[in-house]
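We number each residue from 1, following the sequence as shown. Computation of the quantities below employed the complete heavy-atom set of this structure, encompassing side-chain atoms and omitting hydrogens, waters and symmetry-equivalent molecules. Remember, predicted model here, so these are calculated numbers, not experimental data.
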Amino acid sequence: MTAPADTILTDAEVHTLGDSDETYGAIAIRDGRVVRLADSYEIEFLEGAETEVIDCDGKVVLPGFVDAHTHLEMVGRHLVHADLRDVSSPEAAVDRLHERASETDGPVLGYGYDESTWDESRYLTTADLNPVTDDRPVVAFREDMHTASVNGAALTEYRSAMPDEDVQTEGGEPTGVLVEEAVGALFSAFDPGVEGTEDLLRAAQEHANALGVTGIHDMCRRSHKPRVFRDLDARDELTLRVRLNYWENHTDAVVETGLRSGYGSPMVQTGAIKTFTDGSFGGRTAKLREPYSDDESTDGQWVVDPEELEGMVAAAVEADLQFTAHAIGDAAVAETLDVLAAHDSDRLRHRIEHAELLTDDLVERFAETGVVASVQPNFLKWARDGGLYESRLGARRSEVMPFRELLDAGVPLAFGSDCMPLDPLFGIGQAVTAPEPSQRLTVTEALRAYTYGGAYAAGREAELGTLDVGKRADIVVLDESPWEAAGDAVTDIGVTRTLVDGDTVYEA
């Protein structure tokens, strides 16, 4: 006799998102795994006295979203500190920071400003931030986290920990605008500790589940996240599957503790060793083959040059660890692909994070090497007319994020958010309405990049990423069909339920 299911989702439009994307009316779950996909009437025999039956009322059921590149504590910071993501001007950002200053007697921190959306498109400076308060540090982090703005008190307190070349000056005096390693010094200075990190992660986890996210690949640098994620897992309080990508300067510690890519529990696993190679377009520090259109004096900068990168990758591969490198500009992507190709490993599935500016030869090189393109479709918001990429790259913005070319070339595509914002449906909406029509993905292709793509990048496609019998029941229920939504209306679709291992972790 067949054992009854623990949970049945019925009267649904279940999309497996497998190669042929079969559609069913119901799905049955037992012990955290899918045990049957069928029409609703065919699955009734699995219903027992204690089976939870969820009537989906015709709603769309999909595999849970896997965010292949995020910083979950940063999502928590947006929720706890001053949220600058939606401010429309320097003055509005300062007002938001004033509000935060009235709420705390400590440092005043704000996260997520994006000057490229303002009529007065400029970074915040010391002159802007000094009026917020002059006796406590005030820091406004730009959305890309490669640039930050500080007041005079913050400069005085933390300047000694910042490389001179990453502190911008005018007439020999600091402007209050910081990039790259100078920003890193601030993250170290405002370490929230273990308890504070847990508070941030709990808030962010709840937010992620509400957006249908069931798994993340978290980039861990100068953070207590690895410990906190494992503590939450041990207490059965983790409702996201977490893949920990450790920073390169932790390689020795990772090796000494016996960790390898894929090691861990079903909820928390070791991922890749990660590093930067270049910076960002916002800070004009992404490394380009040609100078920036709006500043011909620079073509960006190396954070880690190719020779140094070679040593990092070799050390990781020798220890049987996947490697992933942040590379945004075309020069950085080219050099990174060359290094990763010299350390090819089908099992380890090396990755490049972001890979934004890609010429045809780089798309071909991706396909030849099999390197995973871990990309952020939400960044296409900056590729539209009048956006950041137009000002920084001019005509070359047409070469930014060619998702269609990558997919058609057979490049493994994994979508993530980099928490700008953490919202898979926003990213999917951007991918299906890309400003370059020839690079648009279909709804199915974009959804697979946000489900199967992340599972493949983690080597877990046998158990995650599609809805098949035997796979883990990580599921999101949408209140509308993304296939029927018009263009970027996909972004407005609501999540009504999220399940991890068949257990509901969010219900609208």
Electrostatic pair [X]:[Y] at N-O distance under 4.0 angstrom:
X: R202; Y: E198; answer: yes
X: R472; Y: D501; answer: yes
X: D83; Y: R77; answer: no
X: D191; Y: R222; answer: no

Could you grab the distance from atom [atom1] of [X] to atom [atom2] of [Y], nearest 0.5 Å is fine?
X: T324; Y: L348; atom1: OG1; atom2: CG; result: 12.0 Å
X: K471; Y: D468; atom1: NZ; atom2: CG; result: 5.0 Å
X: L425; Y: L478; atom1: CG; atom2: CG; result: 6.0 Å
X: D361; Y: E368; atom1: CG; atom2: CD; result: 9.5 Å
X: R397; Y: L380; atom1: CZ; atom2: CG; result: 11.5 Å
X: I27; Y: L467; atom1: CD1; atom2: CG; result: 4.5 Å

Report yes if the side chains of [X] and [Y] come closer than 4.5 Å at any heavy-atom pair, otherwise no.
X: V213; Y: T70; value: no
X: P63; Y: Y452; value: no
X: R392; Y: W382; value: no

Between T277 and the options I328, V333, T336, V303, the side chain to side chain contact (heavy atoms under 4.5 Å, CB included) test singles out T336
Just one of D19, D21, L413, L441 clears the side chain to side chain contact (heavy atoms under 4.5 Å, CB included) bar with R448, so which one?
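When D19, D21, L413, L441 are each tested with R448, the side chain to side chain contact (heavy atoms under 4.5 Å, CB included) holds only for D19.
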Can [X] and [Y] be counted as having a side-chain donor-acceptor contact under 3.5 angstrom?
X: T239; Y: Q205; answer: yes
X: H350; Y: Q322; answer: no
X: S374; Y: E353; answer: yes
X: T10; Y: S40; answer: yes
X: H71; Y: D418; answer: yes

Please check if the side chain of [X] supplies one atom and the backbone of [Y] the other of a donor-acceptor pair under 3.5 Å.
X: E390; Y: G386; answer: yes
X: K59; Y: V495; answer: no
X: D233; Y: L238; answer: no
X: S116; Y: G387; answer: no
X: D67; Y: S417; answer: yes
X: N209; Y: Y506; answer: no
X: Q439; Y: E405; answer: yes
X: N245; Y: K274; answer: no
X: R142; Y: G112; answer: no
X: R440; Y: A434; answer: yes

Just distance, no hydrogens or angles: give the donor-acceptor pairs under 3.5 Å from side chains in residues 47-55, sequence neighbours left out.
{"residue": "T51", "atom": "OG1", "partner": "A5", "partner atom": "O", "Å": "2.6"}
{"residue": "T51", "atom": "OG1", "partner": "G48", "partner atom": "N", "Å": "2.8"}
{"residue": "D55", "atom": "OD1", "partner": "D57", "partner atom": "N", "Å": "2.8"}

side-chain hydrogen bond (donor to acceptor under 3.5 Å, both in side chains) involving Y246 - partner list, sequence neighbours excluded
R230
side-chain hydrogen bond (donor to acceptor under 3.5 Å, both in side chains) involving D199 - partner list, sequence neighbours excluded
none
Could you tell me whether [X] atom [atom1] has more than 12 heavy atoms of other residues or ligands within 6.0 Å of it?
X: E463; atom1: CD; answer: yes
X: R227; atom1: CZ; answer: no
X: E318; atom1: CD; answer: no

Evaluate side chain to side chain donor-acceptor pair (under 3.5 Å) for T504 paired with R497, printing each intermediate quantity in order.
CA-CA 7 Å; T504 295; R497 187 182 294 265; 2.9 Å; yes
Pair H207 + H78: ring centers closer than 6.0 Å:
no
Is the distance between the ring centroids of F65 and F415 under 6.0 Å?
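No, ring centres 6.0 Å or more apart.
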Only one of Y111, Y113, F190 forms a ring-ring contact (aromatic ring centres under 6.0 Å, His included) with F141, so which one is it?
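When Y111, Y113, F190 are each tested with F141, the ring-ring contact (aromatic ring centres under 6.0 Å, His included) holds only for Y111.
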Could you tell me how the ring of H326 sits relative to the ring of F276: parallel (under 30°), tilted (30 to 60°) or perpendicular (over 60°)?
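Rings of H326 and F276: perpendicular, over 60°.
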Any idea which heavy atoms bring [X] and [Y] closest together, and the distance?
X: V61; Y: C56; value: CG2-SG, 4.1 Å
X: F323; Y: A316; value: CD1-CB, 3.7 Å
X: I43; Y: A38; value: CD1-N, 4.3 Å
X: I8; Y: A28; value: CG1-CB, 4.1 Å
X: P377; Y: Y450; value: CG-CE1, 4.2 Å

Could I get the full list of side-chain contact (heavy atoms from CB on, under 4.5 Å) partners for E44, not counting sequence neighbours?
none
Carefully, step by step, assess F379 and Y389 under the rule ring pair (Phe, Tyr, Trp, His ring centres under 6.0 Å).
CA-CA 10 Å; F379 290 6; Y389 293 169; 7.7 Å; no
Side chain to side chain donor-acceptor pair (under 3.5 Å) assessment of E73 paired with T197
CA-CA 7 Å; E73 90 288 357; T197 299; over 6 Å; no
Residues 250-257, side-chain donor-acceptor partners within the protein, below 3.5 Å, at least two apart:
{"residue": "T251", "atom": "OG1", "partner": "E248", "partner atom": "O", "Å": "2.7"}
{"residue": "T257", "atom": "OG1", "partner": "A253", "partner atom": "O", "Å": "2.9"}
{"residue": "T257", "atom": "OG1", "partner": "V254", "partner atom": "O", "Å": "3.0"}

Tell me whether R349 forms a cation-pi arrangement with Y456, defined as NZ or CZ under 6.0 Å from the six-membered ring centre and within 45 degrees of its axis.
yes
After noting the C-alpha distance and the side-chain angles of T444 and W483, does the key distance pass the side chain to side chain donor-acceptor pair (under 3.5 Å) rule?
CA-CA 8 Å; T444 300; W483 288 272; 2.9 Å; yes
Would you check, one step at a time, whether the test side chain to side chain donor-acceptor pair (under 3.5 Å) holds for R384 with T433?
CA-CA 10 Å; R384 301 181 186 276; T433 64; 3.2 Å; yes
Considering only residues two or more places apart or on different chains, which pairs with a residue in residues 18-43 satisfy ring pair (Phe, Tyr, Trp, His ring centres under 6.0 Å)?
none
